[in-house]
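Just the heavy atoms: all of them, side chains too, but no hydrogens, waters or symmetry mates, feed the values below.
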Amino acid sequence: MSGHPERSGPLTGLRVLDLATLFAGPLAATMLGDFGAEVIKVEHPAKPDPSRGHGPSKHGVGLWWKLLGRNKRTITLDLSKSGGRETLLRLAATTDVIIENFRPGTLEKWDLGWAELSAANPRLVLARVTGFGQFGPYAHRPGFGTLAEAMSGFAAITGEPDAPPTLPPFGLADSIAGLATAYAVMTALTARDRTGEGQVIDMAIIEPILTVVGPQPIWYDQLGHVQPRTGNRSANNAPRNTYRTADGSWVAVSTSAQSIAERVMRLVGRPDLIAEPWFASGADRARHADVLDGAVGAWIARRTRAEVLEAFEKAEAAVAPIQDVRDVMTDPQYAALDTLTTIDDPELGPLRMQNVLFRLSATPGAIHWAGRPHGADTETVLAELGLTEPEISALRAEGAL
């Protein structure tokens, strides 16, 4: 394993080829690798995954890649070269899952479509992650998560009522699609256990985020209701907002449960509002958000963040501090869960990053290493595949590696 620790976990024995770039497809492969799958990241020899260059870097090493590339061995392969194509087919024959995000038709152009891949390995699962899916009027458009955040209705309901629609400042749609792809892969592998045959997963980034935005389509279908932008308020309950404390911090309050709403109003000294007829339902409370926000906001504004959090906890009311990354890094609950864990990296030394996505009591996941340099494991992986040194040298001479 080229000096890497042996993998363990519930997915040990599963082999995944990550041919994808940027975020949705590679994140799915990361999730699988975190729980023991052997992930081989395949990158173009001259054009590495652009995520290596996204965001800040240290000593010329991209930090986002350290997170996204963890638990993956890295090889280079130019799939448009005949040697690259043949090598990929040899890899496919030994692989359980391939994740790719080329535009529809690209693999077919290289004679590496489902017909060729499934012929090399009938048990293969091919996950195809694209902006708009494999067919339809938009299928051949370039697709990014930002477009999904716009198309899905997410941006339209995000922001203040009198302000423009708001896009998230991080890869929301891509990340949701990455998690959905990992789930799709496990579903297809479970089907393979029953049938003995692999299949194609068609994952369109515009779809999982549409599930996450909730009941908007059925509301419109049945009632003609279009959800408006409400800022930090909710149409379903109140008080629900962010509030500034006396020391200039912010906290968020939610009252999705009636009992919590009553506790909050008693805490802030307005038990009289509980007796109002409209207080009995979340939707009616939301229509009186001005008076509820006024009461809660005034009480919070007279106290420091620490005082507010202590009082809410004592009252068993729901509150959380608005934390930036500095707070997150020192939060005691995250510390207790080891949500941010430390990895020793040969290039950069100790790195703190998000841990695996969930805890399993019997077969936990683990981060064995952070993202590796471009092509670092090419010779090792190809030698394991049975290629000789002259064959590897010939691939290099062709420009396939």
Side-chain angles (χ1 to χ4, degrees), residues 1-4 7 14-22 25-26 28-30 32-33 37-54 57 60-62 64-66 68-103 105-114 116-121 124 126-129 345-347 368-401:
M1 209 63 80
S2 75
H4 292 313
R7 289 176 183 80
L14 195 72
R15 176 176 261 203
V16 178
L17 292 187
D18 175 7
L19 307 186
T21 55
L22 293 175
T30 302
L32 299 171
E38 178 197 0
V39 181
I40 299 172
K41 174 77 177 181
V42 180
E43 297 174 87
H44 190 280
K47 294 175 282 188
D49 187 330
S51 66
R52 290 181 179 273
H54 263 58
S57 62
V61 178
W64 201 336
W65 167 250
K66 286 293 177 186
L68 195 62
R70 71 191 192 194
N71 291 338
K72 301 178 183 181
R73 292 198 287 171
T74 59
I75 72 171
T76 58
L77 211 55
D78 185 343
L79 305 183
S80 69
K81 306 280 189 185
S82 62
R85 176 186 180 275
E86 292 304 319
T87 304
L88 185 76
L89 288 173
R90 288 180 69 167
L91 280 167
T94 70
T95 292
D96 298 283
V97 180
I98 292 179
I99 301 174
E100 64 97 359
N101 72 332
F102 299 106
R103 279 204 226 177
T106 302
L107 281 183
E108 285 76 7
K109 178 180 69 177
W110 297 328
D111 294 325
L112 286 170
W114 178 239
E116 291 84 4
L117 291 171
S118 61
N121 182 357
L124 182 70
L126 175 63
R128 315 195 76 167
V129 185
D345 180 67
E347 289 184 286
H368 296 295
W369 63 84
R372 303 262 292 147
H374 181 226
D377 303 291
T378 303
E379 276 83 3
T380 304
V381 170
L382 296 187
E384 290 171 0
L385 194 61
L387 273 71
T388 63
E389 284 189 21
E391 286 176 311
I392 293 172
S393 296
L395 288 171
R396 287 209 179 278
E398 184 197 357
L401 300 183

Visitor: Search all heavy atoms of I98 against all heavy atoms of L117 and return the closest pair with its distance.
Guide: CD1-CD2, 4.1 Å
Visitor: Between T95 and N121, which heavy-atom pair has the shortest distance, and what is it?
Guide: O-ND2, 2.6 Å
Visitor: Would you say R396 and E379 make side-chain contact, with heavy atoms under 4.5 Å?
Guide: yes
Visitor: Any side-chain heavy atom of L91 sitting closer than 4.5 Å to one from V381?
Guide: yes
Visitor: Could you check whether any side-chain N or O of E86 sits under 3.5 Å from a backbone N or O of G83, counting only pairs where one atom can act as donor and the other as acceptor?
Guide: no
Visitor: Compare all side-chain heavy atoms of H44 with those of S80 and state whether any distance is below 4.5 angstrom.
Guide: no
Visitor: Just do the side-chain contact (heavy atoms from CB on, under 4.5 Å) check on L17 and V97 with the steps written out, would you?
Guide: CA-CA 6 Å; L17 292 187; V97 180; over 6 Å; no
Visitor: Is the shortest side-chain heavy-atom distance between L401 and L77 below 4.5 Å?
Guide: yes
Visitor: Looking at R85 and E398, does any basic side-chain N land under 4.0 Å from a carboxylate oxygen?
Guide: no
Visitor: Answer whether the closest heavy-atom distance between the side chains of N71 and V39 falls below 4.5 Å.
Guide: no
Visitor: Taking the side chain as C-beta and beyond, is there a heavy-atom pair between W65 and T74 under 4.5 Å?
Guide: yes
Visitor: Which value, rounded to the nearest 0.5 Å, describes the distance between K41 atom NZ and H374 atom NE2?
Guide: 9.5 Å
Visitor: Between R73 and E384, is the closest basic N to carboxylate O distance under 4.0 Å?
Guide: yes
Visitor: Quick one: closest heavy-atom pair of A120 and L89, and the distance?
Guide: CB-O, 4.0 Å
Visitor: Report yes if some heavy atom in the side chain of L387 is under 4.5 Å from a heavy atom in the side chain of L395; otherwise report no.
Guide: yes
Visitor: Hey, does the side chain of T378 reach the backbone of T76 with a donor-acceptor pair shorter than 3.5 angstrom?
Guide: yes
Visitor: So, does D49 use its side chain to make a donor-acceptor pair with the main chain of L22 at under 3.5 Å?
Guide: yes
Visitor: Rounded to the nearest 0.5 Å, what separation is found between the OG1 atom of T30 and the CG atom of D18?
Guide: 7.0 Å
Visitor: Can you name the nearest heavy-atom pair linking F102 to E100, along with the distance?
Guide: N-OE1, 2.8 Å
Visitor: Side chains of K47 and T21: closer than 4.5 Å at any heavy-atom pair?
Guide: no
Visitor: Measure from the side-chain N and O atoms of D78 to the backbone N and O of P45, and report whether any donor-acceptor pair falls under 3.5 Å.
Guide: no
Visitor: Give a yes or no on whether the backbone of A370 and the side-chain of K72 come within a donor-acceptor separation of less than 3.5 Å.
Guide: no
Visitor: Identify the two heavy atoms, one from E116 and one from G113, that lie closest to each other, and give their separation to 0.1 Å.
Guide: OE1-N, 3.0 Å
Visitor: Show the nearest heavy-atom pair for residues L124 and W114, with the distance to one decimal.
Guide: O-CH2, 3.2 Å
Visitor: D96 side chain to R15 main-chain N or O, any donor-acceptor pair under 3.5 Å?
Guide: yes
Visitor: Is the shortest side-chain N to carboxylate O distance from R52 to E43 below 4.0 Å?
Guide: yes
